[in-house]
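Quick caveat, the model's predicted, so the values are computed rather than measured. Within every chain, numbering begins at 1; the chains are lettered A, B, ... in the order of the sequence lines, protein sequences first and strands thereafter.
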Protein chains: 2
Amino acid sequence: MTAESGAVFLTEGAHSAQLFTVLSGWAFRFKMLDDGRRQILNYVLPGDLVGLQGSVIGEMEHSVEALSPLVLCVFQRDRLDELFANHPGLAFDVTWLAAREERMLDDHLLSLGRRSALERAAYLLAFLHERAVSVGLGKGQGPVSIPLTQQHVADTLGLSIVHTNKTLRKLTNKGLIRWLGRSCEVLDATELARVAGWEGLGEPVRPLI
Amino acid sequence: MTAESGAVFLTEGAHSAQLFTVLSGWAFRFKMLDDGRRQILNYVLPGDLVGLQGSVIGEMEHSVEALSPLVLCVFQRDRLDELFANHPGLAFDVTWLAAREERMLDDHLLSLGRRSALERAAYLLAFLHERAVSVGLGKGQGPVSIPLTQQHVADTLGLSIVHTNKTLRKLTNKGLIRWLGRSCEVLDATELARVAGWEGLGEPVRPLI
DNA sequence: CGGAACTTTGAGTTTCCTCAAAAAATGTGG
DNA sequence: CCACATTTTTTGAGGAAACTCAAAGTTCCG
């Protein structure tokens with residue numbers, strides 16, 4: 001299955017939730033408040049599972065939207081029981097992915113709760129850079145390019161679009177990032193992580209799904 | 001196994017991570033930045049699993065501290081493989097718990113990113129109240145009592161202790177909570193949820209571990 | 001080429017923070 | 001049970017961070 005950039009392909013409340021594996025492209029998970037405030041929860045990259053909450057618990061409480069053209073592999077939900085029954089190794093891998101997601105959310109919570117705007121922005125871009133590199137998106141010549149707008153950054157960091165712009169400008173002026181059209185190039189991931197006081201994900205092994 | 005109130009019984013970086021089930025008591029998971037800023041990630045109640053990240057991925061990236069005297073049941077990590085191999089139903093329950101934790105963290109992120117101080121405080125107390133009731137802590141006469149200090153609330157909401165105090169006072173003045181010693185009584189959980197614009201957890205079924 | 005979406009900037013306001021200190025509750029040892 | 005140290009809660013005042021409003025540039029896309 002494929003999805004266009006900007007397409008919301010899983011929505012909150014969906015009861016017939018499907019489970020997907022991302023083969024290529026970028027997406028993000030988000031929730032909204034009634035008055036339109038949006039919070040981006042995490043980003044989805046190749047190798048990630050999408051819709052596990054819906055499949056395991058029965059209903060989705062967040063939505064997922066594509067940031068770039070996306071290629072997905074669909075899993076029927078009822079086959080999850082079969083997977084646990086007959087493929088314990090794969091079942092463990094699913095749980096490994098869930099634990100890794102939990103760990104990323106822990107990091108995001110630390111950021112939103114206790115880092116300043118500048119630290120938060122540096123953290124986010126260092127994080128996305130590390131994730132992009134870990135799935136092989138850094139192999140092209142030059143810096144890694146992340147497909148998002150400043151509105152996405154604002155809705156991830158819990159900041160207004162105006163303050164986000166001013167904060168990203170500081171990182172740009174330090175030569176750590178560059179903003180191009182609707183994407184961000186990370187020029188110095190090490191320094192970004194240092195500004196944020198972030199240790200990195202530290203993911204030695206990971207299962208292939 | 002038991003733990004005293006205030007005891008940190010799992011620490012960040014622990015490599016020989018164990019897996020626990022909580023039988024009774026309250027605890028919380030947290031992370032710290034180098035300069036001492038602390039962020040509480042989530043609360044742990046009876047029926048919760050503690051240390052799954054360490055068991056599945058291999059290293060803990062957060063710590064866990066008791067809020068009240070705690071009774072725990074220890075699981076050896078290597079028995080997790082055996083569980084996945086021979087008890088697919090239980091393995092699924094472990095994954096269910098991981099998905100539920102992920103969902104709670106999603107809610108917390110929405111709160112930290114997009115809710116005001118008052119909304120955040122109302123959300124947190126409605127959330128903790130709902131969790132307490134769901135494990136049967138509401139059966140004693142009178143309101144549910146949650147064992148924490150305002151410093152814990154501040155470190156959960158990402159606010160200073162001073163602003164937290166002023167915010168909780170507003171909720172007290174509205175008659176929604178009462179602060180007693182080092183604990184909080186929830187007097188009107190419905191109104192708290194309404195102030196927060198929060199729908200509740202919505203947990204029809206749950207596995208028994 | 002023209003409209004829409006996105007980025008940038010400035011000005012004034014609100015929310016939340018820090019500092020400082022007092023008041024209240026809790027715990028401890030005699 | 002009381003005196004004392006410690007922790008927790010409360011209050012006030014001034015400052016910093018982030019927000020809203022408004023508008024001008026830019027870039028993107030059909």
- Message: I'd like to know if Arg29(A) and Asp48(A) make a salt bridge, using a cut-off of under 4.0 Å between side-chain N and carboxylate O.
- Response: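 The answer is no: the pair does not qualify as a salt bridge.
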- Query: Taking NZ, NE, NH1 and NH2 as the nitrogens, is one of them in Arg37(A) or Glu119(B) under 4.0 Å from a carboxylate oxygen of the other?
  - Reply: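 Yes.
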- So what is the end-to-end bend of the helix from dC1(C)-dG30(D) to dG30(C)-dC1(D), with 5 pairs used at each end and the value given to 10 degrees?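 Roughly 60° between the end axes, to the nearest 10°.
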- Just jot down the salt bridge (Lys or Arg N to Asp or Glu O under 4.0 Å) partners of Glu102(B), sequence neighbours excluded, or say none.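 If we apply the salt bridge (Lys or Arg N to Asp or Glu O under 4.0 Å) test to Glu102(B), skipping adjacent residues, there are no hits.
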- Task: Kindly write out the residues that satisfy salt bridge (Lys or Arg N to Asp or Glu O under 4.0 Å) with Arg115(A), not counting sequence neighbours, or none if the list is empty.
- Result: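 None.
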- Query: Which residue pairs pass the salt bridge (Lys or Arg N to Asp or Glu O under 4.0 Å) test with at least one member in residues 143-159 of chain B, sequence neighbours excluded?
  - Reply: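 Sorted result for residues 143-159 of chain B: Arg114(A)-Asp155(B), Arg38(B)-Asp155(B).
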- Query: Phe30(A) and His62(A): aromatic ring centres closer than 6.0 Å?
  - Reply: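 No, the ring centres sit 6.0 Å or more apart.
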- Enumerate the residues from residues 177-189 of chain B whose closest heavy atom to DNA chain D is under 4.0 Å, giving them by residue number; use none for an empty result.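 Those residues whose heavy atoms fall under 4.0 Å from DNA chain D, taken from residues 177-189 of chain B in numerical order, are Trp179(B), Gly181(B), Arg182(B).
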- Item | Close approaches to DNA chain D from residues 144-152 of chain B, in residue order (heavy atom, under 4.0 Å) |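 Of all residues in residues 144-152 of chain B, the ones placing a heavy atom under 4.0 Å from DNA chain D are Thr149(B), Gln150(B).
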- Message: Which residues pass the side chain to side chain contact (heavy atoms under 4.5 Å, CB included) test with Ser5(A), not counting sequence neighbours?
- Response: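 With neighbours one apart ignored, the set is Pro69(A).
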- Message: Taking side chain to side chain contact (heavy atoms under 4.5 Å, CB included) as the definition, give me every residue that meets it alongside Glu59(B), ordered by chain and number, with sequence neighbours left out.
- Response: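 Scan of Glu59(B) (side chain to side chain contact (heavy atoms under 4.5 Å, CB included), adjacent residues dropped) gives His15(B).
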- Task: Name all pairs fulfilling the side-chain hydrogen bond (donor to acceptor under 3.5 Å, both in side chains) condition that reach into residues 173-182 of chain A, sequence neighbours left out, sorted by first residue then second.
- Result: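 Residue pairs with at least one partner in residues 173-182 of chain A: Arg178(A)-Glu185(A).
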- Item | Residues that Phe127(B) engages under ring pair (Phe, Tyr, Trp, His ring centres under 6.0 Å), provided they are two or more places apart |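 With sequence neighbours excluded, Phe127(B) shows a ring pair (Phe, Tyr, Trp, His ring centres under 6.0 Å) to His108(B), Tyr123(B), given in chain and number order.
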- Item | Neighbours of DNA chain C within residues 156-175 of chain B, by heavy-atom distance under 4.0 Å |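 Hits under 4.0 Å, by residue number: Gly158(B), Leu159(B), Ser160(B), Val162(B), His163(B).
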- Go through DNA chain C in 5' to 3' direction and return only the first and the last nucleotide with some atom under 4.0 Å of chain B's heavy atoms.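 With heavy atoms of chain B under 4.0 Å away, the range is dC16(C) to dT26(C).
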- Judged by modelled atom types alone, do Asp106(B) and Gln53(A) share a side-chain donor-acceptor pair under 3.5 Å?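 Checked: Asp106(B)/Gln53(A) side chains pair up, N/O donor to acceptor below 3.5 Å.
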- Could you state the interatomic distance from OG1 (Thr2(B)) to CD (Glu4(B)), rounded to the nearest 0.5 Å?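 So the gap between those two atoms works out to 7.0 Å.
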- Message: I'd like to know if the side chain of Lys170(B) reaches the main chain of Leu118(B), judged simply by a donor and an acceptor atom lying under 3.5 Å from each other, with no hydrogens or angles considered.
- Response: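 Answer holds: no.
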- Task: Could you tell me which non-hydrogen atom of Thr167(B) sits nearest to which non-hydrogen atom of Ala121(B), and how far apart they are?
- Result: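 For Thr167(B) and Ala121(B), the tightest heavy-atom pair comes out as CG2-CB, 3.9 Å.
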- Query: When you measure from the centre of the six-membered ring of Phe75(A), is the NZ or CZ of Arg77(A) under 6.0 Å away and within 45° of the axis?
  - Reply: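 Not satisfied by the 6.0 Å and 45° rule.
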